[in-house]
Trainee: 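Shown below is the structure under consideration.
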Amino acid sequence: MMDFISNMFQGYPDLWGGGVAHSVLILSLVIAFGIILAKIKIAGISLGVTWILFVGIVFGHFDLNLDEHLLHFMKEFGLILFVYSIGLQVGPGFFSAFKKGGLTLNVIAMMVVFLGVSITVMLHFITGIPITTMVGILSGAVTNTPGLGAAQQANSDLNGVDAPEIALGYAVAYPLGVVGIILSLLLLKFVFRVNTKKEEDEAESGLGHLQELTVRPISLEIRNEAIDGKRVKDIRPLVNRQFVISRIRHHSGDQTAELVNSDTVLHLDDQILLISNPKDIEAIAVFFGKQVNVEWEQLNKELISRRILITKPELNGKTLSQLKIRNNFGASVTRVNRSGVDLVASPQLQLQMGDRVTVVGSELAVGHAEKVLGNSMKRLDHPNLIPIFLGIALGCILGSLPFAFPGIPQPVKLGLAGGPLIVSILISRFGPKYKLITYTTMSANLMLREIGIAIFLACVGLGAGEGFIDTIIYKGGYVWIGYGVVITMVPLLIAGIVGRYLFKLNYYTLAGVLSGSMTDPPALAYSNDLTSTDAPAVGYATVYPLTMFLRVLTAQLLIILLA
């Protein structure tokens with residue numbers, strides 16, 4: 001019996017990898033204990049799934065380990081699943097994040113990334129600590145696990161062996177990385193002497209974030225004589241802003257609300273319900289006339305509004321104008337919700353599987369529109385595996401291609417972190433154009449991501465466990481904690497001051513941007529708790545895709561150029 005227990009935990013000496021049961025047992029226990037510990041919160045802060053890494057280090061220290069070849073495979077496979085599912089999630093918003101107000105926020109996030117990299121390189125040359133260790137400390141200090149994976153991948157491509165010191169640096173710097181981000185936000189709040197009520201009001205009205213990431217309805221009374229007698233489609237070029245007019249109440253008539261289409265004629269003193277981006281509302285209101293309060297639901301109780309899911313594959317990539325919902329059924333699409341963000345339902349907007357469209361019309365008209373659009377949750381629940389595995393295959397090919405850059409002696413590879421990430425961003429953004437269904441439900445994406453990161457962190461911890469205690473106690477590893485705190489806080493404080501005083505950003509938006517520049521969910525959760533508005537979440541979502549991409553790329557480049 002004792003032999004059986006010993007073999008289960010220590011492995012069977014005559015079997016490669018210690019046996020399948022042994023390998024699965026060790027991995028499962030590391031992940032299970034890590035997730036149990038992740039529920040522990042101290043002062044409302046948790047280290048989350050990173051506990052899996054620490055449990056792996058403990059197991060590795062006591063030699064409860066996997067065969068090194070199997071460990072390497074599982075680690076890379078977990079990393080691919082993780083970064084690919086991240087790419088699918090951020091892809092749809094990746095390119096729109098560079099538009100207008102989003103560009104300002106991404107400039108601040110890039111400042112945080114490049115300041116952190118610069119401090120890391122300086123510390124490497126000043127202290128003489130190997131760049132592999134410093135990149136590990138950087139990834140831990142900015143709480144970015146894909147950066148850790150990219151660095152390990154780049155190092156094994158370069159030298160043919162894993163570098164456990166990358167994971168050691170990460171593990172040492174990570175805990176104070178999480179705390180340091182939140183401390184920086186608190187310090188900035190104190191330095192700026194933030195008036196919470198004023199900031200909250202500004203964030204609520206959309207002044208804090210100028211980017212076009214949500215839409216707002218507004219009721220207007222037409223006072224502009226230049227519009228009198230013109231059709232809606234003739235007015236669009238004059239305004240040169242994106243908007244949808246949903247309903248109208250003619251000043252002459254029975255005062256009931258009617259649906260609007262492109263041929264509806266507008267007259268002076270008519271009242272309209274218009275939907276547009278917050279940044280365009282003011283200009284549109286001035287053009288049409290003045291803002292009024294109208295209870296539209298009371299004016300025509302036959303008109304209803306319903307959110308309908310697009311679940312028919314043949315609609316993937318089609319524009320709203322191609323569907324002819326208004327002409328065929330007498331209903332209007334007023335807005336489109338994609339990945340939690342409301343978009344203006346302009347005629348050229350391309351639809352994707354999983355979009356939720358708001359349709360206004362009579363019960364009968366909305367019912368007909370529903371049949372055309374699908375609205376079948378059951379159909380969405382069925383996973384589309386082809387783009388996932390095809391994308392992973394293409395990502396592995398792209399990650400293995402060497403790119404030669406002038407001035408860099410070694411050809412650069414995107415690796416198994418960069419390749420799948422770029423392919424998944426491109427597929428999720430442009431796939432619908434080519435009738436490729438890339439939609440996965442949020443829960444399916446999250447499941448894939450969490451399994452990937454859990455396997456990856458468990459394997460990293462197991463690989464680093466053997467020398468962890470020795471490094472911390474006897475090789476000066478405790479000093480790395482201080483370096484990590486500097487890499488965490490200095491870029492955040494500098495970028496925070498620039499964002500506030502140069503770009504005049506709302507504090508809650510700034511908190512979201514700084515949390516996103518560290519790709520740190522605990523910091524976002526803390527920022528969200530400060531306010532009832534969605535400003536932190538909007539800021540976080542705007543900079544997250546580019547930041548994630550830069551973190552992966554810079555970690556690899558540091559290894560390739562300096563290792």
Side-chain angles (χ1 to χ4, degrees), residues 20 23-24 26-28 30-32 34-35 38 48-53 55-56 66 69-92 94 139 143-154 156-157 162 167 170 382-400 413-429 431 436-463 519 521 544-545 548-549 551-553 555-556:
V20 174
S23 302
V24 173
I26 296 297
L27 262 184
S28 301
V30 169
I31 292 169
I35 291 169
V49 291
T50 310
W51 272 110
I52 296 171
L53 176 75
V55 174
L66 277 62
H69 299 293
L70 181 62
L71 192 71
H72 187 74
F73 165 74
M74 292 302 290
K75 183 177 73 180
E76 303 298 354
F77 181 63
L79 179 66
I80 289 168
L81 284 183
F82 177 58
V83 296
Y84 192 81
S85 50
I86 278 180
L88 284 181
Q89 181 201 354
V90 304
F94 186 77
S139 299
T143 70
N144 188 263
T145 314
L148 164 69
Q152 289 201 315
Q153 174 68 37
S156 60
D157 280 352
D162 279 345
Y170 177 90
H382 187 74
N384 297 296
L385 294 178
I386 293 173
I388 291 175
F389 285 103
L390 185 65
I392 286 174
L394 290 171
C396 291
I397 293 168
L398 179 65
S400 305
K413 287 183 184 175
L414 291 166
L416 293 180
L421 181 68
I422 288 173
V423 168
S424 59
I425 287 173
L426 293 175
I427 276 185
S428 64
R429 173 64 183 84
L436 189 65
I437 297 164
T438 58
Y439 178 81
T440 51
T441 59
M442 200 64 196
S443 55
N445 184 291
L446 201 61
M447 185 73 169
L448 202 63
R449 196 168 80 205
E450 292 300 305
I451 286 175
I453 190 69
I455 292 172
F456 172 74
L457 287 174
C459 293
V460 169
L462 289 166
T519 62
Y544 182 88
M548 184 62 81
F549 178 71
R551 291 282 182 210
V552 168
L553 198 66
Q556 287 180 300

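All heavy atoms count here, side chains included; hydrogens, waters and symmetry mates do not. Predicted model only: the values in this text are computed from it and were never measured.
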Trainee: Give, for atom CG of Leu27 and atom CG of Leu71, the distance between the pair rounded to the nearest 0.5 Å.
Mentor: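 That separation rounds to 7.5 Å.
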Trainee: Can you tell me how far CG of Leu457 sits from CG of Leu462, rounded to the nearest 0.5 angstrom?
Mentor: 11.0 Å
Trainee: Quick one, Ile392 and Pro420 - any side-chain contact, counting heavy atoms below 4.5 Å?
Mentor: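 Answer no - side chains too far apart.
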Trainee: Suppose the criterion is salt bridge (Lys or Arg N to Asp or Glu O under 4.0 Å): which pairs have a residue in residues 71-89, not counting sequence neighbours?
Mentor: Lys75-Asp162
Trainee: To the nearest 0.5 Å, what is the distance between SG on Cys459 and CD1 on Ile26?
Mentor: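 Nearest 0.5 Å value for the SG-CD1 distance: 11.5 Å.
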Trainee: Let me confirm one number: the OH-OG1 distance from Tyr170 to Thr143, rounded to the nearest 0.5 Å.
Mentor: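 Between atom OH of Tyr170 and atom OG1 of Thr143 there are 7.0 Å.
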Trainee: What heavy-atom pair brings Leu70 and Ser23 nearest, and what distance separates the two atoms?
Mentor: CD2-OG, 3.2 Å
Trainee: Using 0.5 Å steps for rounding, measure from the CG atom of Leu79 to the CZ atom of Phe77.
Mentor: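 Interatomic distance, Leu79 CG to Phe77 CZ, rounded to 0.5 Å: 11.5 Å.
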Trainee: Quick check: are there more than 12 heavy atoms from other residues, nucleotides or ligands sitting under 6.0 Å from CG of Leu390?
Mentor: yes
Trainee: Give the minimum heavy-atom separation between Ala458 and Ile52, together with the two atoms involved.
Mentor: N-CG2, 3.5 Å
Trainee: Considering all heavy atoms of both residues, which atom of Ala150 and which atom of Val552 are nearest to each other, and what is their separation?
Mentor: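 That would be CB-O, 3.5 Å.
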Trainee: Using only heavy-atom distances, determine whether the side chains of Asn144 and Ser139 contain a donor-acceptor pair under 3.5 Å.
Mentor: no
Trainee: Restricting to ring-ring contact (aromatic ring centres under 6.0 Å, His included), what partner residues turn up for Tyr84, sequence neighbours left out?
Mentor: none
Trainee: Output the distance between atom CG (Leu81) and atom CZ (Arg449), rounded to the nearest 0.5 Å.
Mentor: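 Nearest 0.5 Å value for the CG-CZ distance: 12.5 Å.
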